[in-house]
Every structure is written in structure tokens, then in C-alpha cells.
**Q** 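Pasting a structure here, questions to come.
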Amino acid sequence: MSQTEAEILKGTVESITYRNDENGYCVFELSANGELVTAVGIMPFIHAGEQVVLQGAYTVHPTYGPQFKVEQCERSLPATSAAVLRYLASGAVRGIGPVTAQHIVERFGDDALKIIETQPERLSEIKGISMSKAMKISEDFMRQFGVREVMLKLSELQITASEALRIYKKLGATSVEKISENPYRLCSEGIGFGFERADEIAKHLQNSVPLQYRIKAGIEYVLRHNLRNGHTCLPADKLCQTAAMLLQVEPEETMRVLHDMQANGDVTAATLHDAQFIFLPFMYKAERNCANRIALMLQVPPAEIPIHKNRLSQFENDNGILYDGRQREAIGSALSKGILVLTGGPGTGKTTTLNAIISLLEEAGCNIALAAPTGRAAKRMSELTGREAQTLHRLLEVEWGDDDRQQFKRNEDNPLENDVIVVDELSMIDVQLFDALLRAMTVHCRLILVGDVDQLPSVGAGNVLNDLIASDVVPVVRLERIFRQSDDSLIVTNAHRVIQGEMPEINNKSRDFFVIEKRSAAAAAELVGELYCQRLSKAYGFSPLSNIQVLCPSRKRTSGSVNLNNLLQAQINPPDKHRREVRRNGFIMREGDKVMQIRNNYDIYWQKDDGTDGTGVFNGDIGLLLQVDNVNSCVKVKFDDKVATYTGEEIDDLELSYAVTVHKSQGNEFDCVILPVTDVPPPLCYRNLLYTAITRAKKMLVLIGTQNDIRRMVENNKKSRRYTAFSDFLSAAVQPGVSF
């Protein structure tokens with residue numbers, strides 16, 4: 001809001017209509033110029049009787065009418081006896097109710113608040129207030145006063161009220177002093193400011209900040225930033241060079257600070273292959289623990305489960321299946337060993353092999369849990385196995401700590417009761433989630449891991465599936481023979497051709513794999529719209545909302561998911577006065593839009609068509625936006641057979657999903673996939689991404705681009721390297737004599 005738009009409103013808080021103590025949001029009635037005005041905004045710990053000066057603007061709520069939306073709030077404590085009584089009687093200070101408030105004001109009059117602040121022992125002069133209670137009353141009053149002072153001073157640094165509240169919860173009453181001394185504290189967990197913003201705040205402070213604080217924050221920033229690129233660690237020399245470029249200092253200076261950080265435990269170092277690698281401590285612990293737990297499982301395996309030599313043949317006859325040698329090897333390993341990695345591409349029989357393993361383990365009386373990293377992947381696992389599967393987060397009973405950090409009820413102290421855990425889509429699992437799973441398993445629990453090592457690795461840090469295989473100490477069976485194909489089907493065939501570095505076969509007689517040549521990104525985007533909105537539905541009966549999915553290598557550029565979502569929304573679901581809208585994260589979602597849940601949220605309430613209800617919507621779930629209620633700030637989304645209700649900030653978990661990135665599509669399968677490959681950013685123009693996209697299609701894939709576009713991706717087998725240590729740690733844990 002610009003200064004020219006801002007209005008000033010002065011008055012007294014009469015009553016509180018609504019308050020959220022977690023984020024500080026408040027709705028109250030303000031007496032100003034002889035009128036009552038409804039004010040809304042982030043104003044934690046505000047109470048009736050306070051004098052306020054508000055800066056903001058008048059708005060009109062569709063249901064509640066005129067409101068004053070507060071951007072800034074200056075507050076002063078009530079000065080008269082009447083105002084002090086209203087303030088204390090409102091419950092503003094813990095331990096003081098209406099009756100006690102009356103006694104305090106009668107005793108101390110206008111000076112009541114000053115007594116509470118500076119001479120709290122005098123409160124014990126009032127009957128019913130002990131010295132201990134008097135001290136607690138004063139402490140609560142001072143805590144609120146401290147929050148206000150912190151918010152007021154931090155606002156001078158362009159820090160919002162909600163951010164200031166988060167800072168206060170982390171740093172306490174001395175927040176301002178701590179930030180003035182070292183503004184890079186703002187980058188710490190629990191506050192979460194970006195390095196650049198902390199750097200900008202440091203420039204506005206009057207005092208000079210020691211250079212080592214800035215360098216330390218820069219090094220931590222580089223490590224945290226690269227977690228998002230999948231790296232669990234970085235070579236020390238590369239880390240120092242990158243940080244030096246960011247900070248515009250000499251690499252020797254960053255190396256000197258890095259040594260101090262190692263000595264203080266701010267980072268952890270390990271020597272791998274004669275080079276030093278640097279970790280954030282929690283990531284080092286995760287990879288080390290994974291290695292040690294797997295090594296223990298290999299050393300102390302569960303008892304072998306014997307089966308009659310003819311039982312597998314009988315299972316084949318009962319199900320009309322004939323297993324090849326590799327599949328039989330996998331089944332035998334699963335029953336005889338404590339851990340198995342089963343990998344293979346599409347059509348190679350992973351599911352039929354897994355079904356035999358599960359059936360034989362069930363016959364042996366095993367208590368089996370089936371899990372996958374996302375809701376969609378778990379649902380697909382249920383469909384393929386005919387058994388209930390759940391997300392790993394649900395299996396481990398996720399919960400949120402006081403600092404909004406994810407934690408699990410299931411752990412070493414409260415392990416899972418299962419004899420066997422089967423995990424699908426292992427390529428999607430990052431090392432921290434894998435660590436949490438291993439911590440929750442008993443030593444003798446059998447672990448069967450299924451995934452396609454040629455798929456894209458997890459979005460989070462680590463490369464679990466690849467590292468397990470590379471360690472060469474874990475039983476691995478790779479299925480290579482293709483079973484699922486027919487003479488005129490090319491999706492499976494071409495997926496395997498691509499991963500082997502061969503150009504896909506383009507056969508005009510094919511019924512499921514098509515390439516349409518477009519040379520420009522703009523022309524490709526236009527064709528995506530035609531195919532999605534008209535041609536594929538007319539020719540094949542596919543529904544744009546339920547059968548067709550556009551996959552994009554990138555979010556950005558003309559052929560990226562952001563632009564294509566806007567394009568497709570404009571054609572499929574254009575603005576309509578009868579369809580309400582909500583704007584979030586820079587884009588508009590309206591009733592009738594196809595949307596995707598972009599993170600696991602276990603608190604979102606849903607109800608099924610049959611009346612059963614529950615909570616939890618998961619990363620990758622795709623649904624239809626049924627209703628937007630801007631009055632109550634909520635939306636309803638239909639996911640398959642259930643309708644989920646999102647309120648407040650939960651709506652930020654949704655994005656348009658006419659087009660999604662290939663990374664976001666993992667764990668899903670779609671009847672028809674449209675894949676534009678023109679104008680792919682060079683870092684994303686590689687073989688595994690193309691392979692992953694092709695394997696998402698069940699019945700049809702339409703690839704848009706030139707032969708050269710496709711060839712560039714096929715020929716680029718330079719998988720984006722991930723710096724991880726799990727494989728090395730595992731090799732060393734199993735074979736202590738191994739050196740890196």
C-alpha cells in the first residue's frame with residue numbers, strides 16, 4: 001500500500017470479535033470519532049481498552065460490510081481508570097478476571113498498569129492475590145509488552161507483524177538486540193528469511209555487523225539452497241568458491257570461517273574419495289543413520305520364510321502367470337533376506353512379482369504394511385495389489401511440533417508393529433523420509449523396496465534408490481524383460497528405447513504414441529490448447545479434466561506449466577460472473593478449475609459421498625475446485641469420491657493443474673499425456689526427464705516438438721549429479737575396511 005492510499009484511524013478498542021493467537025490475526029470493534037468501526041489485520045495481543053493509531057484502508061466485505069484493513073498499528077496502554085478497567089477485565093493479562101480487575105483499579109486507580117509493571121509485589125496487598133500470583137501477573141503483562149515493542153521496532157526494518165511474531169517466538173524479548181547484533185539470525189530455522197533479505201536488513205542497521213556473521217550465513221545459505229537441488233553435502237572447495245562469489249569475498253575468507261563452523265558444530269565434515277565434503281548436521285545424521293540401520297538389517301536378518309518347492313508354480317497356475325528367472329530370484333530373495341531392492345522399467349513385471357511376494361508373505365502369517373511417498377502413488381499401489389496402501393507419512397503418523405516442524409510419532413521409542421514393510425516408488429523418497437522409516441522399524445522387520453532407478457530422483461535431498469544400488473552391498477534384482485506390450489503399442493517400447501539412448505520409434509500406425517512437429521514454443525503452446533480442449537476429446541473421448549494431463553519439463557518459459565495453465569484455464573474455464581474466484585500465489589483459481597495439492601497436509605477435512613469423513617490431502621492429489629467462499633475464506637475441492645474443505649492459509653496448498661511439471665507427476669499415471677518439448681531449459685533437457693514423462697502415460701502419449709528437440713534429450717545422459725554420501729557410508733558400515 002502506498003502512502004497516498006493509506007488512511008489514519010485513531011480510537012479505543014471496544015471489543016474483540018475474533019482472535020488467532022498463532023498468527024496474530026484479529027478482528028475488533030474500534031471507537032473512533034464517535035462511531036464503531038470494524039478493524040481487521042495482524043495485531044497480536046490487542047485487547048479492549050487500548051488506544052491505537054491504525055494505518056490502512058477501508059474495504060467492503062461481501063457479508064460483513066465495511067471494514068478497516070490494518071497495515072500498521074501503533075498502540076498505547078489505557079491511561080484512565082475506566083480504560084484500564086476495561087483492559088484488565090477483558091482477560092488481557094493472564095490471572096486477572098473482571099472481579100480482580102475491579103479490585104486492582106479500585107486500589108491503584110490510573111496507576112494500576114504501572115504498578116503491575118514496576119511494583120508487582122504491591123498486588124499482594126489485594127485479597128486473593130498471593131506474592132507468587134502477583135509475579136506471574138507481572139510476567140505475563142511484560143511478555144505482551146515485549147512483543148509489542150519488538151513488533152514496533154522491527155516494523156522499521158520493513159518486517160511485517162506476522163514475521164515479527166515468528167521472530168519473537170524464536171528469539172524472545174531480546175529479539176531486536178539479537179537482530180541488531182547479527183541480522184543473519186533471521187535466516188535460521190523457525191524464522192526462515194532468505195539470505196538476500198537478511199543482507200538487505202543488515203545494510204539498513206546503524207551498527208556495523210562483523211564480517212564473519214555474514215560469511216557464516218552465506219555458507220549456510222549455499223548448503224540449504226543446494227538441498228533443494230538434491231545435494232545432501234557439497235565438496236568443501238566448491239562450497240567455499242560458491243559462497244565467496246555470493247558474498248564477493250576471497251575464498252580464503254570463506255574457508256577460514258568454514259573451519260570455525262566445523263569447530264563449533266555448525267556444519268559437519270566427512271572425507272569421501274580423498275575429498276572433504278560439508279554437511280548441515282541434520283543431513284549428515286540422516287545419511288549416517290540410514291547406512292547404519294541398513295548395515296544392521298543385513299547383519300541380523302529376519303528368519304527365512306520357507307515355501308514348498310511347488311508353491312510358486314501353483315501360484316502361477318492360479319493366476320495365469322509364468323515368472324522368468326529374475327522374477328523368481330526376486331521372490332526368493334524377498335522371503336529369505338531382510339531387505340530387497342526390486343527395480344525395473346515399465347512393463348517389466350514389477351507388480352506381478354510384488355503380488356506374489358505379498359501373497360506368499362501373507363500365507364506365512366506376516367503382518368504387512370504397504371506404503372508409498374505420495375497419496376496418488378499409494379492409491380495406485382492399492383489398485384495394483386488389491387490391498388490397502390497408505391502414504392509413508394500416514395504410516396509413520398506424522399505430526400507437527402511447536403515450531404511447525406514435521407515429526408513422526410513412530411520412531412525408535414514407538415516402532416511399527418509390522419513384520420514386513422513394502423515401499424513403492426522408492427525413487428521419489430528423499431533421505432530424511434527414508435531415515436524416518438528406518439528409525440520406526442524394528443531390527444527384524446523385513447523391508448521390500450520397489451522403484452525404477454531410471455526415473456527422476458526425489459524432489460528432496462538425497463538419492464536413496466540409486467545409492468542403495470551403488471553401494472553394492474544390498475540385495476538388488478533388476479527386471480529387464482518387457483512383458484507389457486502389444487504389436488501396435490509403443491509407449492512401453494519407446495520408454496525403454498529412450499532410457500537406452502535410442503530415439504523413440506515413430507509409427508503412424510501406432511495407437512498410443514504420437515509426435516507432432518512444432519518448431520516454436522508459441523506454436524507448441526497453441527497446439528497444446530487445441531489438443532487438450534478439443535481434438536483429443538472429439539477423436540478419442542478423453543475428458544480434459546479427468547483423462548488428459550499436460551506434462552512440462554519446466555514451470556517457466558512459453559511451454560512451461562505456469563503459462564500453459566493460464567492458457568488452458570482461459571479456454572476450458574474462462575472468467576464467468578457465475579463462477580467465483582480466489583487469487584493465491586499470483587494466479588487465479590475459479591470454480592470448475594482442475595487443481596493439485598502441492599504438499600502433504602494431514603489437517604484438511606474431507607467427507608466422502610457415502611457420508612464417511614476424515615482428514616488429510618496429499619502432495620500430487622488432483623481434483624476439481626467445486627466452490628469458492630470468499631466470505632469465509634474457504635474453498636471445496638472434489639478428489640475422486642471425497643470433497644475436501646480448505647480454510648485460510650490451507651488454500652495456498654493448491655495450484656492449477658491443467659499442466660504440471662514432470663517432477664510433480666511422479667507417482668501418477670494418466671490415460672493421456674501431452675508433452676511439449678520445445679524450448680526446454682538446458683538444465684532440464686536430459687534423458688531421464690523424457691523417460692519419466694513417457695512412463696506417466698497409460699493409453700496415449702502425444703509428444704510436441706521436433707526430432708532435434710527429442711534427440712537432444714535422448715542423447716543427453718548427463719544426469720544432474722547429486723552430491724550424497726549414503727552409498728559411501730553404507731559400504732563402510734558393511735565393510736569397515738573400505739576407504740573412500
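Starting from 1, each residue takes its place in the sequence as its number. Computed over heavy atoms, backbone and side chain alike; hydrogens, waters and symmetry mates excluded.
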**Q** I need the minimum non-hydrogen distance between Asp435 and Ala286, along with the two atoms involved.
**A**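 What the structure gives for the nearest pair is OD2-CA, 3.6 Å.
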**Q** List the atom of Met428, the atom of Pro373, and the distance in Å for their closest heavy-atom pair.
**A**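 Closest pair (atom of Met428, atom of Pro373, distance): CB-CG, 3.7 Å.
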**Q** Between Leu384 and Asn355, what is the shortest heavy-atom contact and its length?
**A**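 Where Leu384 meets Asn355 most closely, the heavy atoms are O-ND2, 3.3 Å.
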**Q** Are the side chains of Asp629 and Val635 in contact, using a 4.5 Å heavy-atom criterion?
**A**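 No, side chains not in contact.
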**Q** Step by step, would you call Leu186 with Arg197 a side-chain contact (heavy atoms from CB on, under 4.5 Å)?
**A** CA-CA 9 Å; Leu186 295 170; Arg197 188 172 176 201; over 6 Å; no
**Q** With a 4.5 Å limit on heavy-atom distance, are the side chains of Thr38 and Val27 in contact?
**A**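 Yes, side chains in contact.
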**Q** Between Thr661 and Ser561, do the side chains contain an N or O donor and an N or O acceptor separated by less than 3.5 Å?
**A**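 Their side chains do not contain a donor-acceptor pair, so the 3.5 Å distance test is not met.
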**Q** A side-chain contact here means heavy atoms from C-beta on lying under 4.5 Å apart; do Leu545 and Leu624 qualify?
**A**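 The answer is yes, as the side chains (C-beta and beyond) meet within the 4.5 Å cut-off.
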**Q** Return yes if some donor-acceptor pair links the side-chain N/O of Asp653 with the main-chain N/O of Ile598 below 3.5 Å, else return no.
**A**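 The answer is no, because no donor-acceptor pair under 3.5 Å joins these two groups.
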**Q** Under a 4.5 Å cut-off applied to non-hydrogen side-chain atoms, are Val70 and Val40 in contact?
**A**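 Answer no - side chains too far apart.
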**Q** Please tell me whether Asn688 and Gln455 have a donor and an acceptor in their side chains that are separated by less than 3.5 angstrom.
**A**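 Looking only at side-chain atoms, Gln455 and Asn688 do not form any donor-acceptor pair under 3.5 Å.
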**Q** Grab the two heavy atoms, one from Leu551 and one from Ala693, that are nearest each other, plus how far apart they are.
**A**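 Closest pair (atom of Leu551, atom of Ala693, distance): CD1-O, 4.0 Å.
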**Q** With sequence neighbours excluded, give me every salt bridge (charged side-chain N to carboxylate O under 4.0 Å, His left out) pair touching residues 609-620.
**A**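 For residues 609-620, and leaving out neighbouring residues, the salt bridge (charged side-chain N to carboxylate O under 4.0 Å, His left out) pairs sorted by first residue read Asp609-Lys638.
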**Q** Look at Arg579 together with Glu591 and state whether they make a salt bridge at an N to O cut-off of under 4.0 Å.
**A**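 The answer is no: the pair does not qualify as a salt bridge.
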**Q** With no hydrogens and no angle check, just 3.5 Å: does a side-chain donor-acceptor pair link Gln549 and Tyr658?
**A**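 Absent: no donor and acceptor within the cut-off.
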**Q** Using only atom types and a distance under 3.5 Å, with no angle test, would you say the side chain of Thr692 pairs donor to acceptor with the backbone of Leu456?
**A**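 Present.
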**Q** For the pair Ser458 (side chain) and Gly460 (backbone), establish whether a donor and an acceptor sit closer than 3.5 Å, ignoring hydrogens and angles.
**A**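 Looks like yes, one N/O pair under 3.5 Å.
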**Q** Side chain of Gln569, backbone of Ile588: donor and acceptor closer than 3.5 Å?
**A**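 Side chain of Gln569 to backbone of Ile588: a pair is present.
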**Q** So, for His393 and Phe408, is the gap between ring centers shorter than 6.0 Å?
**A**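 Ring centroids of His393 and Phe408 are less than 6.0 Å from each other.
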**Q** Using 0.5 Å steps for rounding, measure from the CD atom of Glu581 to the CG atom of Asp576.
**A**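 Going from the CD atom of Glu581 to the CG atom of Asp576 covers 9.0 Å.
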**Q** Kindly compute the distance separating CG (Leu690) from CG (Leu684), expressed to the nearest 0.5 Å.
**A**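 Rounded to the nearest 0.5 Å, the CG-CG separation comes to 12.5 Å.
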**Q** Which of parallel (below 30°), tilted (30 to 60°) and perpendicular (above 60°) describes Phe514 and Tyr540?
**A**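 Rings of Phe514 and Tyr540: tilted, as their planes differ by 30° to 60°.
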**Q** Looking at CE of Met596 and CG of Asn668, how far apart are the two atoms once the value is rounded to the nearest 0.5 Å?
**A**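 Met596 CE to Asn668 CG: 5.5 Å, rounded to 0.5 Å.
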**Q** Looking at Leu449, Leu392, Leu465, which hits side chain to side chain contact (heavy atoms under 4.5 Å, CB included) with Phe434?
**A**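 Looking at Leu449, Leu392, Leu465, the match for Phe434 under the side chain to side chain contact (heavy atoms under 4.5 Å, CB included) is Leu449.
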**Q** Taking atom CG of Leu395 and atom CD1 of Ile421, what is their separation to the nearest 0.5 Å?
**A**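 That separation rounds to 5.5 Å.
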**Q** Could Lys350 and Asp424 be called an ion pair, given the rule that one side-chain N must be under 4.0 Å from one carboxylate O?
**A**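 Answer for the salt bridge query: no.
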**Q** Output the distance between atom CD (Glu526) and atom CG (Leu567), rounded to the nearest 0.5 Å.
**A**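 Going from the CD atom of Glu526 to the CG atom of Leu567 covers 8.5 Å.
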**Q** If we ignore hydrogens and angles and just use 3.5 Å, is the side chain of Arg722 paired with the main-chain N or O of Ala461 as donor and acceptor?
**A**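 The answer is no, because no donor-acceptor pair under 3.5 Å joins these two groups.
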**Q** Does this structure show an ion pair linking Glu517 with Arg519, if we count only N-O contacts that are shorter than 4.0 Å?
**A**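 So Glu517 pairs with Arg519 through a salt bridge.
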**Q** Mind checking whether Asn547 and Phe670 have side chains closer than 4.5 Å, heavy atoms only?
**A**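 A side-chain contact is absent here, since even the closest heavy-atom pair is not under 4.5 Å.
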**Q** Hey, are Glu397 and Arg410 close enough for a salt bridge, meaning a charged N less than 4.0 Å from a carboxylate O?
**A**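 Salt bridge between Glu397 and Arg410, a charged N being under 4.0 Å from a carboxylate O: yes.
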**Q** Can you check whether Val37 reaches Gln67 side chain to side chain, under 4.5 Å on heavy atoms?
**A**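 Heavy-atom side-chain distance check fails, nothing below 4.5 Å.
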**Q** Would Arg696 and Ile694 satisfy side-chain contact (heavy atoms from CB on, under 4.5 Å), going step by step from the backbone distance to the final call?
**A** CA-CA 5 Å; Arg696 299 306 89 199; Ile694 293 173; over 6 Å; no
**Q** Quick check: do Asp671 and Ser546 have side-chain heavy atoms less than 4.5 Å from each other?
**A**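 No, side chains not in contact.
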**Q** Tell me, do Val677 and Ile704 make a side-chain contact under 4.5 Å, heavy atoms counted?
**A**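 They are not in side-chain contact.
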**Q** Are Glu425 and Arg380 within salt-bridge range, i.e. N to O under 4.0 Å?
**A**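 Counted as a salt bridge, because a side-chain N and a carboxylate O are separated by less than 4.0 Å.
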**Q** Given 3.5 Å as the limit, does a donor-acceptor pair link the side chain of Thr385 with the main chain of Met381, or not?
**A**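 Such a contact is found between Thr385 side chain and Met381 backbone.
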**Q** How long is the gap from CG on Asn563 to OG1 on Thr558, to the nearest 0.5 Å?
**A**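 One gets 6.0 Å once the value is rounded to the nearest 0.5 Å.
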**Q** Can you pull the salt bridge (charged side-chain N to carboxylate O under 4.0 Å, His left out) pairs that have at least one residue in residues 655-667, sequence neighbours excluded?
**A**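 The answer is Arg555-Glu655.
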**Q** Would you find more than 12 non-hydrogen atoms of other residues, nucleotides or ligands less than 6.0 Å from Lys699 atom NZ?
**A**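 No.
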**Q** Provide the closest heavy-atom pair for Tyr691 versus Ala495 in the form atom of the first, atom of the second, distance.
**A**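 Scanning both residues, the minimum pair turns out to be CD1-O, 3.1 Å.
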**Q** Indicate yes or no for a side-chain donor-acceptor contact from Asp593 to the backbone of Arg590 under 3.5 Å, with no hydrogens or angles considered.
**A**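 Checked: pair present.
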**Q** Would you say the side-chain atoms of Tyr532 pair up with the backbone N or O of Pro544, donor to acceptor, closer than 3.5 Å?
**A**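 Yes.
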**Q** Apply side-chain contact (heavy atoms from CB on, under 4.5 Å) to the pair Thr17 and Glu29, showing each step before the final yes or no.
**A** CA-CA 7 Å; Thr17 305; Glu29 296 295 323; 4.0 Å; yes
**Q** In terms of relative ring orientation, are Phe639 and Tyr646 parallel, tilted or perpendicular, with 30° and 60° separating the classes?
**A**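 Judged by the thresholds at 30° and 60°, the geometry between Phe639 and Tyr646 is tilted.
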**Q** Would Lys69 and Thr59 count as having a side-chain donor-acceptor pair, cut-off 3.5 Å?
**A**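 No.
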**Q** Can you confirm whether the side chains of Asp709 and Thr706 place a donor and an acceptor under 3.5 Å from each other?
**A**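 Result is yes, a qualifying pair exists.
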**Q** Counting distance only, does the side-chain N/O of Ser382 pair as donor-acceptor with the main-chain N or O of Ala389 below 3.5 Å?
**A**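 Present.
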**Q** If you look at every heavy atom in Leu656 and Asn565, which pair is closest and at what distance?
**A**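 Where Leu656 meets Asn565 most closely, the heavy atoms are O-ND2, 3.3 Å.
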**Q** Strictly distance-based, threshold 3.5 Å: is any side-chain N or O of Asn226 a donor or acceptor partner for the main-chain N or O of Asn229?
**A**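 No, because the side chain of Asn226 does not come within donor-acceptor range (under 3.5 Å) of the backbone of Asn229.
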**Q** Leu426 vs Val464, test: side-chain contact (heavy atoms from CB on, under 4.5 Å). Steps then yes/no.
**A** CA-CA 7 Å; Leu426 184 63; Val464 172; 4.3 Å; yes
